[in-house]
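One structure below.
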Amino acid sequence: MSHHPTSAPPVTGKVRTRIAPSPTGFLHLGTARTALFSWAFARHYGGEFVLRIEDTDVARSTQESVDQILEAMRWLGLDYDEGPIYQMQRLERYREVAERMIAEGSAYRCYCTPEELETVREAQRARGEKTHYDGRWRPEPGKVMPPPTGVPPVIRLRNPRDGVVTWDDLVKGSISISNHEIDDLVLVRADGVPTYNFSVVVDDWDMRISHVFRGDEHVNNTPWQINIYAALGAPQPFFGHVPIILGDDGLKLSKRRGAVSVIDYREAGYLPEAMLNYLARLGWSHGDEELFGRAQLVEWFDGSHLAKSPAQWDAAKLNWVNAQAIKHTADAELAELVAVHLARRGISAPTDVRLVAMCALFKDRCATLVELADWLAMYHGDLGARDAAMDALVAAVPAAALSALADRFQQVEWHQVAIAAAIKEVLASQGLKMGQLAPAVRVVVCGRPQTPSLDAVLALFPRETVTARLRGHGVAGYN
Ligand code: GLU
């Protein structure tokens, strides 16, 4: 029976999923989303999730990239039950499977030199044909081809010449690709390193992967993989090809257009649970639900309602999701998190009750932890630059009013209620309105014209900092 992608996919036996990043760069958002889908699917069905590092592109794979991938997985909380498994540690196994295929007639050695292959391709191009391997080493009944000496062979798949490869994609529905359109793929290169399509099948088979979620750039690879499964007599997993993520500008997300590394978002002050929430909604939905946590995602994510069309990145929405997550994070936890961002600016803030109270006061106004750190910097000597508009707000109030406020502050108990009363007294004695005095006080003490309730904001400064800044207004430098 044909599977309809708006319903949950067939699940029989143990669910095992995997993410198989190539360590040629950071863990980018697209891969993180696929990892998230694979992880949530496995967790939903009580299955297992495997991390495999596809490091066969030896020239471009780096340990640094592996480390970054592991770090990003950890940050997002995508825990895996097995791995990381490195393909370069499994070369023997690929060789063994390839030899078995040669013995069984589903693969063969090809001794073409790169120059020969190029000549073939040139001729095909000249005839206006799509370039493909011309099958010159493909074994056929009665064909005798003595191998040349000194040419290290590659191993090729003896791909069926006829027929159509069809599968029920978990995301895209039924897909068919004719064998006429695909050639005899290289399985193992001359140096013994397998190609992606071969190692991925051997691994998914050996690791008993039941459902493969991956980016839809791999749709064209899947027919080869299915043919390899068939040649091996191996059970074929279900495939779900997830559409790409488009940037705000409608083009494919890429490094050139803004950050696409998961870790960059940590640096920019996003919370992992917000990232997880936002990424899950890119190409998947559960009714109208926009805000949900990890446990809820696992409960809902049964593999249904994966979108067929590309998802669009929406930075404003991510900020909204992150702002909600910040709002719902306990103040003490936020203090720990924001301390890291303050430290980056050279501010070492103890995570004490004062920092916790600051987080409570400002967290409703922040889309990111960086914005929260921006607010809190004023408590640590960093007032930033003052512009002409801010100068004008200060100039609109007599300097005497500000020193009168400093004097009054000197005499009261230093807490919010007393501070509020002191401000009222000075307003009365100076004949000023709150709307005049408060902006000037904010500029000289906080370095910005707007803040939450002034008394609450001031109460979190040491009294001496406030009085010194009030007295020193108009002087270059604040401290
Ligand atoms: N290494 C491949 C990639 O990063 C894995 C594709 C797959 O999941 O099969 O695109």
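Predicted, not measured: the structure shown is a model, and the values here were computed from it. The figures here come from the full heavy-atom set of this structure, side chains too, leaving out hydrogens, waters and symmetry mates. Order of listing sets the numbers, starting from 1, for every ligand and every atom in it.
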For a quick test of your reading: what N or O donor-acceptor pairs under 3.5 Å do the side chains of residues 114-121 make, sequence neighbours left out?
{"unit_1": "Glu115", "atom_1": "OE1", "unit_2": "Thr113", "atom_2": "OG1", "d": "3.4"}
{"unit_1": "Glu116", "atom_1": "OE1", "unit_2": "Thr113", "atom_2": "N", "d": "3.2"}
{"unit_1": "Glu116", "atom_1": "OE2", "unit_2": "Arg136", "atom_2": "NH1", "d": "3.3"}
{"unit_1": "Glu118", "atom_1": "OE1", "unit_2": "Arg121", "atom_2": "NE", "d": "3.2"}
{"unit_1": "Glu118", "atom_1": "OE1", "unit_2": "Arg121", "atom_2": "NH2", "d": "3.2"}
{"unit_1": "Glu118", "atom_1": "OE2", "unit_2": "Arg125", "atom_2": "NH2", "d": "2.7"}
{"unit_1": "Thr119", "atom_1": "OG1", "unit_2": "Glu115", "atom_2": "O", "d": "2.8"}

Query raised in the report: Does Arg448 make a cation-pi contact with Trp375, if we ask for NZ or CZ under 6.0 Å from the ring centre and within 45° of the axis?
Result: yes
Query raised in the report: Does a salt bridge link Arg90 with Asp206, judged by any charged N lying under 4.0 Å from a carboxylate O?
Result: yes
Report summary line: Sorted by chain and residue number, the residues with a non-hydrogen atom under 4.0 Å of ligand 1 are Arg18, Ala20, Ser22, Glu54, Tyr196, Val200, Arg214, His218
Report summary line: Residues passing the salt bridge (charged side-chain N to carboxylate O under 4.0 Å, His left out) test with Glu99, sequence neighbours excluded, are Arg95, Arg109
Query raised in the report: Between Trp313 and Arg33, is there a cation-pi geometry (under 6.0 Å to ring centre, at most 45° from the normal)?
Result: no
Query raised in the report: salt bridge (charged side-chain N to carboxylate O under 4.0 Å, His left out) with Arg266: which residues, sequence neighbours excluded?
Result: Glu71
